[in-house]
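Reading through the structure tokens given below for one structure.
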Amino acid sequence: MSNLLIEPILCRAGTMDNYSWLITDQASNQSAIIDPSEAEPIIQRCQAKNIRPQYIFNTHHHYDHTDANEELKSLYNAKVIGGAHDINRIPGIDIGLEDGDTFNLGDSQAQIIRVDGHTIGHILWYFPENKALFTGDTLFNLCIGGLFEGTAEQMFYSLEKIKALPGDTKFYPGHEYTIHGMGFAQYYNPNSQILKQYIETAMQKIRNHQPVAPITLGIEKQCNPYLQAVTPLALQKLCNE
């Protein structure tokens, strides 16, 4: 198994608190930026690590996940890869991938999982051998993304795809929104000791200016009320509250 090095880069700090992810396949030294929100902090991190990313991986077309695409593409001569449905909506896109496609970053292989809901055509980047899942704006810590284009029913079946993945898979979301989900999670799981520990650990990381992610899907399923919805109607009710 190739070792995938994963580093968070906080963008739009204090406003949208996006996470772009710098990932490097250590066997080949090939690197990619996932959802580059703004160029400056990403360029600074790449310079500090002496990395020239060969790829830009997008999860969806929203500007706070694609704003730095063209600048980084020009600077590094990087290929931009996203979902096929977003082929006319992602700046600088070179390759559009369909649900079930695979894409190799050196020796690390990603599987593409389409997850309509937040947007239509949103994709996840799932590295099964590395037990890593990049969820963009579909799944956050203790909450999910808003339904900008899709329906609650579509989001429900997208979350079912995530829930079917191995429980030891770690997920890496596109924003630091953990605090936003805490109260809702506590309301639905008031006696959960696992959630209590989750929140205590999360708050310690936040106070130390560290990302809460990654969390395993196994833990997230026990704490995130949106992942506990058993029907599309139940998810719709959660989304309406």
Side-chain angles (χ1 to χ4, degrees), residues 2 4-12 16 18-127 130 132-139 145 148-150 158 171-175:
S2 175
L4 192 67
L5 181 64
I6 302 170
E7 298 185 61
I9 303 175
L10 182 64
C11 299
R12 303 176 190 269
M16 302 182 78
N18 284 76
Y19 278 119
S20 299
W21 299 96
L22 172 60
I23 64 174
T24 301
D25 173 74
Q26 293 188 296
S28 65
N29 285 323
Q30 288 194 10
S31 298
I33 296 290
I34 298 180
D35 285 350
S37 183
E38 59 176 338
E40 184 177 354
I42 294 171
I43 293 170
Q44 289 178 352
R45 181 66 60 84
C46 289
Q47 288 176 339
K49 297 289 184 178
N50 195 28
I51 289 174
R52 293 183 61 85
Q54 287 86 5
Y55 298 103
I56 294 164
F57 296 161
N58 290 129
T59 60
H60 65 296
H61 69 91
H62 282 166
Y63 74 94
D64 59 313
H65 294 255
T66 63
D67 254 5
N69 275 15
E70 291 183 324
E71 183 173 349
L72 297 178
K73 178 179 180 176
S74 176
L75 179 63
Y76 297 118
N77 194 28
K79 295 282 188 182
V80 178
I81 320 295
H85 186 82
D86 281 336
I87 199 73
N88 295 316
R89 303 200 291 180
I90 289 178
I93 191 168
D94 296 295
I95 299 173
L97 299 176
E98 300 280 1
D99 183 52
D101 284 349
T102 60
F103 193 87
N104 285 2
L105 178 68
D107 292 347
S108 298
Q109 185 176 84
Q111 295 178 5
I112 303 303
I113 304 172
R114 178 166 166 167
V115 284
D116 295 337
H118 179 68
T119 62
I120 302 300
H122 190 300
I123 62 171
L124 310 179
W125 290 83
Y126 173 46
F127 292 82
N130 306 98
L133 177 70
F134 297 90
T135 56
D137 282 1
T138 295
L139 178 65
F148 280 77
E149 296 174 9
S158 293
F171 81 96
Y172 300 80
H175 292 268

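Numbering of residues begins at 1 and proceeds along the displayed sequence. Every heavy atom of this structure was used, including side-chain atoms; hydrogens, water molecules and symmetry mates were not.
Within the structure, every pair that satisfies the side chain to side chain donor-acceptor pair (under 3.5 Å) test and touches residues 76-87, not counting sequence neighbours, is listed here: Asp86-Arg89. Residue pairs meeting the side chain to side chain donor-acceptor pair (under 3.5 Å) criterion with at least one partner in residues 44-56, sequence neighbours excluded, are Glu40-Gln44. Sorted by first and then second residue, the salt bridge (Lys or Arg N to Asp or Glu O under 4.0 Å) pairs involving residues 53-78 (not counting sequence neighbours) are Arg12-Asp67, Lys73-Asp94.
Considering only residues two or more places apart in sequence or on other chains, Asp101 meets the salt bridge (charged side-chain N to carboxylate O under 4.0 Å, His left out) condition with none of them. Scanning for side chain to side chain contact (heavy atoms under 4.5 Å, CB included) contacts around Leu5 gives Glu7, Thr24, Gln26, with sequence neighbours left out. Legend: residues meeting side chain to side chain contact (heavy atoms under 4.5 Å, CB included) with Leu75, ordered by chain and number and at least two apart, are Ile43. With sequence neighbours left out, Tyr172 forms a ring-ring contact (aromatic ring centres under 6.0 Å, His included) with Trp21, Phe134. Residues satisfying the side-chain hydrogen bond (donor to acceptor under 3.5 Å, both in side chains) criterion with Ser158, sequence neighbours excluded, are absent altogether. Taking Asn104 as the reference, Gln109 meet the side-chain hydrogen bond (donor to acceptor under 3.5 Å, both in side chains) condition, with sequence neighbours excluded. A search for salt bridge (charged side-chain N to carboxylate O under 4.0 Å, His left out) contacts involving Asp116 returns Arg114, not counting sequence neighbours.
The line from CD1 of Ile93 to CD1 of Ile81 is 7.5 Å long, rounded to the nearest 0.5 Å. Tyr63 OH to Met16 CE: the interatomic distance, rounded to the nearest 0.5 Å, is 4.0 Å. Here the CG atom belonging to Asn18 is positioned 4.0 Å from the NE2 atom belonging to His175, to the nearest 0.5 angstrom. One finds the NE2 atom of His61 at 13.0 Å from the CG atom of Asn69 (value rounded to the nearest 0.5 Å). A distance of 9.5 Å separates CZ in Phe127 from CZ in Phe103, rounded to the nearest 0.5 Å. Atom CG of Leu97 is separated from atom CD1 of Ile113 by 12.5 Å, given to the nearest 0.5 angstrom.
Listed here is the closest heavy atom pair of Cys11 and Ser20: SG-OG, 3.6 Å. Here the shortest heavy-atom pairing between Leu22 and Ser31 reads CD1-CB, 4.3 Å. Summarising the geometry of His62 relative to Phe148, their closest heavy-atom pair is CE1-CG, 3.9 Å, with the distance given to 0.1 Å. For the pair Pro53 and Cys46, the tightest heavy-atom approach, listed with the atom from each and the gap, is CD-SG, 3.9 Å. Taking every heavy atom of both residues into account, Ser37 and Ile42 meet most closely at N-CD1, 4.1 Å. Closest of all the heavy-atom pairs between Gly82 and Ile90 is CA-CD1, 4.1 Å.
Under the 3.5 Å distance criterion, the side-chain polar atoms of Asp25 are left unmatched by any main-chain donor or acceptor of Gln30.
For the pair Leu139 and Pro173, the minimum side-chain heavy-atom distance is 4.5 Å or more. Contact annotation: the side chain of Asn58 approaches that of Pro36 to within less than 4.5 Å [non-hydrogen atoms, C-beta and beyond].
Aromatic ring orientation, Phe57 versus Trp125: parallel (interplanar angle below 30°, classes split at 30° and 60°).
A donor-acceptor contact under 3.5 angstrom links the side chains of Thr59 and Asp35, judged on distance only. With no hydrogens or angles considered, a side-chain donor-acceptor pair links His65 and Asp137 at under 3.5 Å. A donor-acceptor contact closer than 3.5 angstrom is absent between the side chains of His60 and Glu149.
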